[in-house]
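Structure first, then comments.
Both backbone and side-chain heavy atoms feed into the values below; hydrogens, waters and symmetry mates do not.
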Amino acid sequence: MTVLSASFLLVPASAVGPNGGAVFNTPRPYAGDKGNYKIVRTVENAIRNTVRTKKHPRPVIHISTYLLDRPKTVKMLISACRRGVQVRVLLDEDIASRPSRKLITALNADNVRGHNADPRAGRCNRPLRADHGGLRTKVGADAQALETFTAREAARSIAAPSKDSATWGKDGSYVKKCEGSCRGKGGNMHSKFYLFSHTKKSHHVVMVSSSNLNRGGARLGWNDMYVAKKRKKLYRGFKAMHRLMTDDVRSDGRKVEVKDGPYVARFFPMRNAGKKNDPTLQDLNRIRCKSGFGRTQVHVSMFYWKGKRGDYLLDKLASLARNGCKVRIVYGAPSRALAKRMRAMAKRHLIDLWDSRWDYNDDGWSEVRTHAKYVLVKGTIGKDRKAHAVWTGSQNWVGGSLSISDETTLNIRMRSAYESYRKNWVKIKKHSRRLPYSQYPR
């Protein structure tokens, strides 16, 4: 029998969950704090509203993000852990920052090392009882709570989970950093997804984004996030992948995807993948340029393009344009070679092209650019001559994002999603420069 303690927080009957659908930020200088942090605060609101209830006594938050250095987000995650929420976080970089070390201390300090060993702190780094011992301590009210880990201590604590990583530590919470990518050899843990078993009245909530939970993601780049709620199959697929990443289960060459209604989620890396089995190219190959709307329209907002993969994906867009599709591209950080190719295509009026980069203080560094990685299609996809599609996620158009790094993509077949993303694409375009122009930036 479960005993409910006073730490349970009861949710008012009038509470509602997070809105489903698309969320976009607007970077500086085009918006202030509210617009900059719209994506981050959507995640934070879900964290704040994830609580234990009589109906849902074991809520869980799963996070996978390349960077997490925002003090407010860290504070909210620690507070969630202390009110009984299991918080499980995968990170790639910047674990030496104080906010990251603070989160690692709170979620990992209770990890048990060795047979019958005492934890070094209580649940979520709560103070231990006076007779329980403990290691380095603070002075004052938290006399038995550990000081924030040093960078070395933080690295040691996230290096390897216990045998049963899903209950790593008494609080069921942990922070883990993969060596390179979690499921690949080399690369990066670049996925950005946020899962909530329950938050207010919503349940099985999946958020897939191009944005990290950090200041740079909010203020320096255009980013997107899509929120799907009450999707058990989709949620369970992401949850299972989070566990595989935690346990460093290596990927093979197969495509890993979860289909749930209008959603198709895919997880990478695909070992040794290339042009023949690239799911993005396969999606583009299903586009036909005559549709029930007239010419099929393809809109792209892509941060990073480079190398062979960037070349063959651009080849396909060029082919679609030659066959009558209307292809419009906003780029963020293409290689010089690909930028040159795209500018030449725009000069021949094959595609419409915009550069989202701006260097406002002339220091040689772009203060703003698109960081989103999405494709929008209105027209014929396969046998559907009136399709509205969004293909988004964390994956850049480079080879490593396909075959060695942890990445997540989400395909959405809904008109409402398409319309939201189309408005965002137009907004980015309005703050970008039409190409070609006489002085090309790097």
Side-chain angles (χ1 to χ4, degrees), residues 15-50 61-77 79-80 89 99 190-196 199-202 205-229 299 301-303 330 332 356-358 360 366-374 376 390-394 408-410 412 414 416-432:
V16 294
N19 293 326
V23 183
F24 307 98
N25 79 313
T26 302
R28 293 195 174 192
Y30 315 125
D33 190 75
K34 184 177 179 180
N36 299 163
Y37 285 92
K38 192 169 184 180
I39 292 173
V40 174
R41 285 178 177 150
T42 298
V43 178
E44 289 176 344
N45 286 337
I47 295 170
R48 182 187 297 111
N49 291 307
T50 302
I61 297 171
H62 293 82
I63 289 178
S64 172
T65 183
Y66 183 70
L67 294 169
L68 200 172
D69 59 11
R70 178 167 155 85
K72 188 173 182 178
T73 308
V74 167
K75 183 177 180 180
M76 286 183 176
L77 289 171
S79 294
V89 180
H190 196 249
S191 290
K192 307 164 205 324
F193 61 82
Y194 315 104
L195 314 178
F196 301 86
T199 176
K200 284 195 174 178
K201 280 192 173 180
S202 292
V205 177
V206 176
M207 302 180 179
V208 178
S209 185
S210 65
S211 180
N212 296 296
L213 298 177
N214 72 326
R215 182 173 178 267
R219 302 173 77 179
L220 301 180
W222 299 91
N223 279 291
D224 70 290
M225 183 169 74
Y226 196 86
V227 181
K229 60 182 184 176
H299 292 81
S301 175
M302 183 55 57
F303 174 58
V330 176
S356 66
R357 297 171 295 179
W358 289 98
Y360 285 105
S366 297
E367 278 74 46
V368 66
R369 70 282 185 274
T370 184
H371 189 252
K373 312 100 168 38
Y374 64 69
L376 316 178
V390 175
W391 304 332
T392 188
S394 67
T408 305
T409 62
L410 183 67
I412 310 162
M414 285 194 293
S416 60
Y418 173 87
E419 295 295 347
S420 294
Y421 272 84
R422 178 73 171 80
K423 290 177 182 177
N424 177 252
W425 188 92
V426 170
K427 187 175 183 178
I428 300 173
K429 182 202 74 171
K430 287 181 178 178
H431 292 288
S432 302

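With hydrogens and angles ignored, the 3.5 Å screen pairs a side-chain donor or acceptor of Ser209 with a backbone N or O of Ser211. The backbone N or O of Ala46 lies less than 3.5 Å from a partner atom in the side chain of Thr199, making a donor-acceptor pair. A donor-acceptor contact shorter than 3.5 Å is absent between the side chain of Asn214 and the backbone of Asp69.
Under the 3.5 Å distance criterion, with hydrogens and angles disregarded, a donor-acceptor pair is assigned to the side chains of Ser301 and Thr370. For Ser191 and Ser64, the side-chain atoms include no donor-acceptor pair closer than 3.5 Å.
In this structure, the separation between CG on Leu68 and CG on Leu77 is 6.5 Å, given to the nearest 0.5 Å. Separation of atoms OG (Ser394) and CG (Leu410) is listed at 11.0 Å; rounding is to 0.5 Å. From Asn25, atom CG reaches atom CG of Asn223 across 5.0 Å, with rounding to the nearest 0.5 Å. Between the CG atom in Leu213 and the CD1 atom in Ile39 there is a gap of 10.0 Å [rounded to 0.5 Å]. Going from atom OG of Ser432 over to atom CZ of Arg369 covers 12.5 Å, rounded to the nearest 0.5 Å. Residue Phe193 holds its CZ atom at 8.5 Å from NE2 of His62, rounded to the nearest 0.5 Å.
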Practice task
Could you go through the side chain to side chain donor-acceptor pair (under 3.5 Å) check for Asp224 and Thr392 one step at a time?
Solution key: CA-CA 8 Å; Asp224 70 290; Thr392 188; 2.6 Å; yes

Practice task
Let me see the working for Asn212 and Thr65 under side chain to side chain donor-acceptor pair (under 3.5 Å), right down to the final yes or no.
Solution key: CA-CA 6 Å; Asn212 296 296; Thr65 183; 3.2 Å; yes

Problem - Derivation of the side-chain contact (heavy atoms from CB on, under 4.5 Å) call for Val227 and Val205 - result: CA-CA 7 Å; Val227 181; Val205 177; 4.0 Å; yes

Exercise for the section: Could you walk me through whether Leu376 and Tyr418 pass side-chain contact (heavy atoms from CB on, under 4.5 Å), step by step? Expected result: CA-CA 7 Å; Leu376 316 178; Tyr418 173 87; 3.8 Å; yes

Exercise for the section: For salt bridge (charged side-chain N to carboxylate O under 4.0 Å, His left out), just list the numbers for Glu367 and Arg219, CA-CA rounded to whole Å, side-chain angles, deciding distance to a tenth of an Å, and then say yes or no. Expected result: CA-CA 9 Å; Glu367 278 74 46; Arg219 302 173 77 179; over 6 Å; no

Exercise for the section: Please assess Val208 against Met225 for the test side-chain contact (heavy atoms from CB on, under 4.5 Å), listing each intermediate value before the final yes or no. Expected result: CA-CA 5 Å; Val208 178; Met225 183 169 74; 5.9 Å; no

Problem - Chi angles and distances behind the side-chain contact (heavy atoms from CB on, under 4.5 Å) call for Tyr360, Val368 - result: CA-CA 9 Å; Tyr360 285 105; Val368 66; 3.7 Å; yes

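Closest approach of Gly393 to Lys373, counting heavy atoms only: O-CD, 3.4 Å. Among all heavy-atom pairs drawn from Ser356 and Gly332, the shortest one is OG-CA, 3.6 Å. Between Val40 and Ala218, the shortest heavy-atom contact is CG2-CB, 4.5 Å. Of all non-hydrogen atoms in Ser210 and Ala372, the two that sit nearest each other are OG-CA, 3.8 Å.
Within the cation-pi definition used here (under 6.0 Å to the ring centroid, within 45° of the axis), Arg70 qualifies as a partner of Tyr37.
No option in Arg28, Lys38, Arg41 other than Arg41 meets the side-chain hydrogen bond (donor to acceptor under 3.5 Å, both in side chains) test with Asp33. Paired with Tyr30 under the rule ring pair (Phe, Tyr, Trp, His ring centres under 6.0 Å), one option of Phe24, Trp358, Trp222 passes, and it is Trp222.
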Could you list the donor-acceptor pairs under 3.5 angstrom formed between side-chain atoms of residues 422-430 and any protein atom two or more places apart in sequence or on another chain?
from, atom 1, to, atom 2, distance (Å)
Asn424, OD1, Tyr374, OH, 2.8
Trp425, NE1, Val300, O, 2.9
Lys427, NZ, Thr26, OG1, 2.9

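Within the 4.5 Å cutoff, side-chain heavy atoms of Phe196 are placed close to those of Val43.
Ring geometry for His190 versus His371: interplanar angle over 60°, hence perpendicular rather than tilted (30 to 60°).
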